[in-house]
Amino acid sequence: MDRGFAMATADSATARAASPAVASGPKRARGAVREIVLVLAGVLVYFGVRGVTVTDAQEALDHALDLVALEKTLGVYVEPSLQTLVLGSDWLVDFMNWIYIWGHWPVIAGVLLWLFFAHPAGYRRTRNAMLISGGIGLLVFMSFPVAPPRLAGLGFTDTVTENSSAYRVLQPPAFVNQYAAMPSLHVGWDLLMGLAVYAYARHVLVRIAGLALPVLMVSAVLLTANHYVIDAAGGAALVLASMAAARRIERRRCARGQTVETSDAPAIPRQRDGGSETAESYPMPEAS
């Protein structure tokens, strides 16, 4: 996660100046419609594939027990003790449920809209990273199903289901693969949104909120028994790798654009030893 914050810090120094102005009028409207269709299509594919994926419950349970064994070996199996602390406080249970439910899709939608209109370059990078990580995540969900703690028979309490119905409205059961615990895109995508907020927000308090967002979500997914520690780490690692891929795509696109611009520039003759040469081309400034 440190690398992600370093990337965000590097971006924040030039983000506001580097973001190109958003086109106005019909072009802006067409761009907004195109992006809405693209993002909605990605979300529908994400939920659709998750919903129709047939998962062997026993296989998902076996994988969950394997992850628990790995966490015990690493000394990070802290989920039971953490949830015990939460269950003793009604307000903390409600707060963690609230973060898990309302700190994910509503936050993603809000941050993407803000980036689209205020920071187009940041929006494209964030959108690409989200699509890349979502695609890879779906492949992992299908090939390596994992039962979350609440369904693994380990004595955890499903605080979200027991205390709230809002989550079932935001994510209807027909579109949810309950064995898609690894990696945690709740954590990964909140980390992605938090880094974007930190990089592009102007007010220091908003930037601090961006840093706090993934920390709160990690706490929520663990304390509500929806993910393991290793799920959270996997989600963060996947998103950081996807961010790096999105930046690489962006640099290649910029390099191609510069190459095309240079190759299309007219050539002017250069005088050498009294003669005219055109072997080397120099870009002519465009008329203003």
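Computed from a predicted structure; not experimentally measured. For the numbers below, each heavy atom of this structure counts, side chains included, while hydrogens, waters and symmetry mates do not.
Across A121 and Y200, no two heavy atoms sit closer than the pair C-OH, 4.3 Å. Heavy-atom minimum distance, S133 versus L238: O-CD2, 3.5 Å. Across A220 and Y100, no two heavy atoms sit closer than the pair CB-N, 4.0 Å. Across all their heavy atoms, N226 and A181 have their closest contact at O-CB, 4.5 Å. Between V107 and W102, the shortest heavy-atom contact is CG2-O, 3.7 Å. Nearest heavy-atom pair, P183 versus G235, reported as atom, atom and distance to 0.1 Å: CB-N, 3.5 Å.
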Checklist line | Audit row: V160, R150, side chain to side chain contact (heavy atoms under 4.5 Å, CB included) steps and yes/no | finding: CA-CA 10 Å; V160 174; R150 60 188 175 85; over 6 Å; no

Inset, instruction - Report the C-alpha distance between L191 and V218 in whole Å, list the side-chain angles of each, state the deciding distance to 0.1 Å, and finish with yes or no for side chain to side chain contact (heavy atoms under 4.5 Å, CB included). - result: CA-CA 9 Å; L191 173 61; V218 169; over 6 Å; no

| Given M243 and L240, is the side chain to side chain contact (heavy atoms under 4.5 Å, CB included) satisfied, shown in steps? | CA-CA 5 Å; M243 284 179 60; L240 292 178; 4.2 Å; yes

Passes side chain to side chain contact (heavy atoms under 4.5 Å, CB included), H104 versus M217? Steps please. CA-CA 8 Å; H104 189 56; M217 185 53 72; 4.2 Å; yes

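Ring geometry for W114 against H119 counts as perpendicular: the plane angle is over 60°, on a 0 to 90° scale with 30° as the lower cut. Ring pair W91/F95 is tilted by interplanar angle, where 30° to 60° counts as tilted.
Here the rule is side chain to side chain contact (heavy atoms under 4.5 Å, CB included) with T161, and of N163, D158, T159 only D158 fits it.
With hydrogens and angles disregarded, a donor-acceptor distance shorter than 3.5 Å links the side chain of Q83 to the backbone of T157. Between the side chain of S89 and the main chain of V86, no donor-acceptor pair closer than 3.5 Å is present. At least one donor-acceptor pair under 3.5 Å links the side chain of E71 to the backbone N or O of I230. A donor-acceptor pair under 3.5 Å is formed between the side chain of S219 and the backbone N or O of V215. Side chain of E79 to main chain of V229: a donor-acceptor pair is present (N/O by atom type, distance under 3.5 Å, no hydrogens or angles).
In this structure, the separation between CG on L213 and CG on L192 is 10.0 Å, given to the nearest 0.5 Å. Put simply, CG on N128 and CD on E250 are 8.5 Å apart, with the number rounded to the nearest 0.5 Å. Here the OG1 atom belonging to T84 is positioned 10.5 Å from the CG atom belonging to L223, to the nearest 0.5 angstrom. How far CD1 of I108 is from NE2 of H186: 8.0 Å, rounded to the nearest 0.5 Å. Going from atom CZ of F116 over to atom OG1 of T126 covers 13.0 Å, rounded to the nearest 0.5 Å. For the atom pair L61 CG and D66 CG, the distance stands at 9.5 Å (nearest 0.5 Å).
Annotation: ring pair (Phe, Tyr, Trp, His ring centres under 6.0 Å) contacts involving residues 210-234, sequence neighbours excluded, are absent.
Hydrophobic clustering (ILVMFWY, side-chain heavy atoms < 4.5 Å, transitive): Y77 and L74 are in one cluster.
Looking at heavy atoms from C-beta onward, M96 lies out of side-chain contact with L222 at the 4.5 angstrom threshold. Counting heavy atoms from C-beta on, the side chains of V187 and D231 never come closer than 4.5 Å. Side chains of I249 and R252 form no contact here, defined as non-hydrogen atoms less than 4.5 Å apart.
In this structure, W189 has its ring center under 6.0 Å from that of W105.
The hydrophobic cluster containing V204 also includes L205, I208, under a criterion of side-chain heavy atoms closer than 4.5 Å among ILVMFWY residues, counted directly or through chains of members.
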